[in-house]
Amino acid sequence: MLNKNEIEKYLKFYNSEFGKEVLKEEAKFVESKLKNCKNVLSVGCGPALLEVRLSQIHPEMNITGLDNSKEMIVQASKSIHLEYGGAQHLKFDDNSFDAVLYVTSIEFIKEYKKAVKETNRVLKPKGKILVLMLNPKSNYFKNEYMDRNSYIWKNIKHTNVEEIKEFISKYFFIENEEYFLGIKKGETIASKNPGLASLYVVEGKKHGE
Ligand SMILES: C[S@@+](CC[C@H](N)C(=O)[O-])C[C@H]1O[C@@H](n2cnc3c(N)ncnc32)[C@H](O)[C@@H]1O
């Protein structure tokens, strides 16, 4: 459970110039990947800042944000649909979403394998799973992980992103993997270099009729 100070610190990051830039770039990236999706679920949405941005760009999208932290989800704007609950037991019907999104959340989910199976269940045939993970090879990650007070160090559950990708590939056809969002000297730069890119992205498709 996060305390008040930890939540404030988390939100303060997104209020900083650097945090705003990160959010802008992430939202632009996700938007480009989910353009034609109508019903979108974001698992581990936290304060759902990216999801709210996405819904402003695409008012026609039905976006649901889910998180198992009450402290996080109460921070989210009610302009999108919000659900409190665990990724390992999704409270949605089979075949109900066009896309399921994880923005730096799958690696924070203890039972991520159950979450991947559940994602498969709730996605429509040929639906998309889009997973953005913190890239452990990046300098950004290494610096954060060295700090014993950081959110990342305190909360991350899995740091082997290759293993996560392998597991996803058991359930989905992997359409793309890439590195994204370079960070250098506290600024975002366009770089796909694994040492600089803060995110590792996996895109998969549910097998369909
Ligand atoms: C690093 S935060 C990312 C939040 C948000 N996506 C963002 O980009 O700011 C990880 C999130 O995953 C959520 N989380 C961890 N385990 C979860 C679970 N089992 N079910 C749902 N959400 C979970 C945490 O509560 C937290 O909000």
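Numbering of ligands and ligand atoms starts at 1, following listing order.
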For [atom], what is the nearest protein heavy atom, given as residue, atom name and distance?
{"atom": "atom 15 (C) of ligand 1", "result": "Phe108 O, 3.4 Å"}
{"atom": "atom 26 (C) of ligand 1", "result": "Tyr151 OH, 3.4 Å"}
{"atom": "atom 5 (C) of ligand 1", "result": "Cys45 O, 3.3 Å"}
{"atom": "atom 23 (C) of ligand 1", "result": "Asn68 OD1, 3.1 Å"}

Looking at side-chain heavy atoms only, is the closest gap between [X] and [Y] below 4.5 Å?
{"X": "Asn120", "Y": "Phe172", "result": "yes"}
{"X": "Lys137", "Y": "Tyr200", "result": "no"}
{"X": "Phe108", "Y": "Leu134", "result": "yes"}
{"X": "Ile80", "Y": "Met61", "result": "no"}
{"X": "Tyr140", "Y": "Val22", "result": "no"}

Original post:
With only distance considered, is Met72 within less than 3.5 Å of ligand 1 through an N or O on each side?
Top reply: no
Within the 4.0 Å heavy-atom shell around [X], which atoms of ligand 1 are there?
{"X": "Gly85", "answer": "20 (N), 21 (C)"}
{"X": "Ala87", "answer": "18 (C), 19 (N), 20 (N), 21 (C)"}
{"X": "Thr104", "answer": "1 (C), 2 (S), 3 (C), 8 (O), 10 (C)"}
{"X": "Tyr14", "answer": "7 (C), 8 (O), 9 (O)"}
{"X": "Ser69", "answer": "25 (O)"}
{"X": "Gly86", "answer": "20 (N)"}

**OP:** Assess whether atom CZ of Phe173 is packed by more than 12 heavy atoms of other residues, nucleotides or ligands within 6.0 Å.
**Re:** no
Does [X] have a non-hydrogen atom less than 4.0 Å from ligand 1?
{"X": "Tyr10", "answer": "yes"}
{"X": "Asp67", "answer": "yes"}
{"X": "Ile109", "answer": "yes"}

**OP:** Look at atom 6 (N) of ligand 1 and find which of Gly44, Ala76, Gly46, Ser105 reaches it with the closest heavy atom.
**Re:** Gly44
Original post:
Counting heavy atoms only, which of Lys114, Gln88, Glu111 comes nearest to atom 19 (N) of ligand 1?
Top reply: Gln88
Original post:
Charged N to carboxylate O below 4.0 Å: is that the case for Lys28 and Glu31?
Top reply: no
**OP:** Answer yes or no for Lys9 and Tyr151: cation-pi contact, defined as NZ/CZ to six-membered ring centre under 6.0 Å and angle to ring axis within 45°.
**Re:** no
Subject >> salt bridge (Lys or Arg N to Asp or Glu O under 4.0 Å) between Asp98 and Lys128, intermediate numbers included >> reply: CA-CA 6 Å; Asp98 300 300; Lys128 182 189 267 275; over 6 Å; no
Original post:
Between Ile183 and Ile189, what is the shortest heavy-atom contact and its length?
Top reply: N-CG1, 4.1 Å
